[in-house]
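These notes are about the structure you will find just below.
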There are 2 protein chains.
Amino acid sequence: MKIGERWKRAFELSRKRITPSRKAIVEVLEEQRKHLSAEEIYSCLREKHKKVGIATVYRNLELLSQMGIVHRVNFGDGKEHYEIARIPALHHHHLVCTVCGRVIDYQDFRKEEHEFMEGLGRVLETKYDFLIQSHQLYFYGICKDCRLKEVGE
Amino acid sequence: MKIGERWKRAFELSRKRITPSRKAIVEVLEEQRKHLSAEEIYSCLREKHKKVGIATVYRNLELLSQMGIVHRVNFGDGKEHYEIARIPALHHHHLVCTVCGRVIDYQDFRKEEHEFMEGLGRVLETKYDFLIQSHQLYFYGICKDCRLKEVGE
DNA sequence: CTAAATGCAAACGATTTGCCTTCTG
DNA sequence: CAGAAGGCAAATCGTTTGCATTTAG
């Protein structure tokens, strides 16, 4: 089942209403398949002629995050970004350049890597009595372009 | 060599001045040994009767982050947090409760875990031509207290 | 001495909130 | 129909910036 069908189910279970705004926001995130800021999502909605206020966008992104339908990611650029939650096999992480802010998505997780995270998660769940729903891994450093520029100076 | 001595060296190398504000900020982060927001650091400084403007706190946290002396961490609560960088063996990660925002520091990395991150980092450096300086792992979920409350409702 | 760093207050920008209207279930 | 959700504009609050002044090297 693709996540697109899955989320309606989640709404029923948590007794939240399925409204046009919510549908539209999930739609945008599914189509774009990348991390977007609230403002970017808002722009996409306007382009599609869906009239949704920015406050509603924020309120629903908060809700969708709590429901685990979207993931909130932060690259230290002053705003939150949101991306649709994928099935574990498509889970990915980010490399953030601390100089220019560029973000590279890293998706080619090898099987061992995936198993490693699962295992670590289970250890933590037991040790801290904490129900883990997701995880995010960030690598910070300097991208190729910025390294070349630095040398040039 | 503890990081406390190490940072002065880093300042000389990057031709940055060692000022009272900078010393004081690093001092606070070393003493507290936990993640603090800019405002919290500012308060600590005032308690210690160090007169440093909030703008200077922000400017220096930015600088210290770029130098790798402090790590910027974000728990999705609307503000950045900062913690002193530790030696790799003391590196730690965070479990964030998506309901109440509580953050648990997880420090008991096993050796394999440490090696795994190193290995993964090297793979990414090669593949994306990206110089990795640090990484952060976040686990998101629901803490014990919040799970108990949810059931009660 | 001079460029770098600071302090202060004003500016900014992302996110939140209050309140009244609209709509889902 | 009742309570949940949305729209709009105002309010909030973490963070940044401009500029005159101080200071480290």
Side-chain angles (χ1 to χ4, degrees), chain A residues 7-28 35-46 48-67 69-70 72-82 98 101 153, chain B residues 7-28 35-46 48-67 69-70 72-82 98 101 153:
Chain A
W7 69 268
K8 294 190 185 177
R9 197 73 210 283
F11 268 71
E12 286 161 19
L13 287 175
S14 57
R15 295 190 226 83
K16 295 289 174 189
R17 295 183 177 172
I18 296 175
T19 65
S21 331
R22 288 172 182 173
K23 264 193 229 166
I25 291 169
V26 173
E27 235 174 79
V28 164
H35 44 77
L36 298 172
S37 67
E39 284 289 352
E40 286 170 334
I41 292 165
Y42 180 65
S43 301
C44 287
L45 292 171
R46 309 204 91 237
K48 300 178 80 180
H49 309 294
K50 314 266 180 180
K51 33 204 166 318
V52 181
I54 188 72
T56 301
V57 172
Y58 276 105
R59 276 190 279 240
N60 283 325
L61 286 172
E62 170 68 23
L63 174 69
L64 292 164
S65 298
Q66 287 192 4
M67 294 177 72
I69 293 164
V70 315
R72 200 197 295 258
V73 289
N74 186 296
F75 307 125
D77 63 343
K79 45 181 166 276
E80 301 286 338
H81 289 248
Y82 303 83
T98 53
E153 277 165 15
Chain B
W7 70 268
K8 295 192 184 176
R9 198 72 209 282
F11 269 71
E12 287 161 20
L13 288 174
S14 57
R15 294 191 228 82
K16 294 290 175 188
R17 296 182 177 173
I18 296 175
T19 65
S21 331
R22 289 173 181 173
K23 265 193 231 169
I25 291 169
V26 173
E27 235 174 77
V28 163
H35 43 80
L36 298 172
S37 67
E39 284 289 351
E40 285 169 333
I41 293 166
Y42 180 65
S43 302
C44 287
L45 291 171
R46 309 203 93 240
K48 301 178 79 180
H49 309 294
K50 313 266 181 180
K51 31 201 168 319
V52 181
I54 188 72
T56 301
V57 172
Y58 276 105
R59 276 190 281 238
N60 283 326
L61 287 172
E62 170 67 24
L63 175 67
L64 292 165
S65 298
Q66 288 193 4
M67 295 177 71
I69 293 165
V70 315
R72 201 196 294 260
V73 289
N74 186 296
F75 308 125
D77 63 343
K79 45 182 164 275
E80 301 287 339
H81 289 248
Y82 304 83
T98 52
E153 274 165 18

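Listed by first and then second residue, the side chain to side chain donor-acceptor pair (under 3.5 Å) pairs involving residues 13-25 of chain A are A/R22-A/N60 (not counting sequence neighbours). Within the structure, the salt bridge (Lys or Arg N to Asp or Glu O under 4.0 Å) test picks out the following pairs touching residues 50-66 of chain A (sequence neighbours left out): A/E62-A/R72.
The NZ-P distance, from A/K51 to D/dC8, rounds to 11 Å in whole Å. Regarding B/E40, its CD atom lies at a distance of 10 Å from the P atom of D/dG14, rounded to whole Å. Rounded to whole angstrom, the span from the NZ atom of B/K23 across to the P atom of C/dA5 amounts to 15 Å. Taking atom NZ of residue B/K16 and atom C1' of nucleotide C/dT6, one finds them 14 Å apart after rounding to whole Å. Spacing between atom CZ of A/R15 and atom P of D/dA5 amounts to 12 Å, rounded to whole angstrom units. Atoms CD1 (B/I25) and C1' (C/dT6) sit 11 Å apart, rounded to a whole Å. At whole-Å resolution of the value, CG in B/N74 and C1' in C/dT15 are 13 Å apart. Whole-Å rounding puts the A/Y42 OH to C/dT15 P distance at 14 Å.
Axis angle between the ends of the helix from C/dC1-D/dG25 to C/dG25-D/dC1, five pairs each and rounded to 10 degrees, works out to 50°.
Nearest heavy-atom pair across A/K79 and A/H81 is O-CD2, 3.5 Å.
Residues satisfying the salt bridge (Lys or Arg N to Asp or Glu O under 4.0 Å) test with B/E27, not counting sequence neighbours, are B/K48.
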Could you please spell out the steps behind the side-chain contact (heavy atoms from CB on, under 4.5 Å) verdict for B/F75 and B/V73?
CA-CA 7 Å; B/F75 308 125; B/V73 289; 3.6 Å; yes

Give the C-alpha distance, both sets of side-chain angles, the deciding distance and a yes or no for side-chain contact (heavy atoms from CB on, under 4.5 Å) between B/V70 and B/W7.
CA-CA 10 Å; B/V70 315; B/W7 70 268; over 6 Å; no

May I have the step-by-step check of side-chain contact (heavy atoms from CB on, under 4.5 Å) for B/L64 and B/Y82, ending in yes or no?
CA-CA 10 Å; B/L64 292 165; B/Y82 304 83; over 6 Å; no

For residues 35-43 of chain B, please give each side-chain donor-acceptor pair under 3.5 Å, one per line with the distance, not counting sequence neighbours.
from: B/H35; atom 1: NE2; to: B/D105; atom 2: OD1; distance (Å): 3.3
from: B/S37; atom 1: OG; to: B/E40; atom 2: N; distance (Å): 3.2
from: B/S37; atom 1: OG; to: B/E40; atom 2: OE1; distance (Å): 3.4
from: B/E40; atom 1: OE1; to: B/S37; atom 2: N; distance (Å): 2.7
from: B/S43; atom 1: OG; to: B/E39; atom 2: O; distance (Å): 3.0

Per-nucleotide protein contact along nucleotides 15-24 of chain D, 5' to 3', at a 4.0 Å heavy-atom cut-off (B base, S sugar-phosphate only, - neither), is BBBB----BB

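Between the side chain of A/S65 and the main chain of A/L61, a donor-acceptor pair closer than 3.5 Å is present.
An OP1 or OP2 oxygen of D/dA5 is reached within less than 4.0 angstrom by no side-chain nitrogen or oxygen of A/T56.
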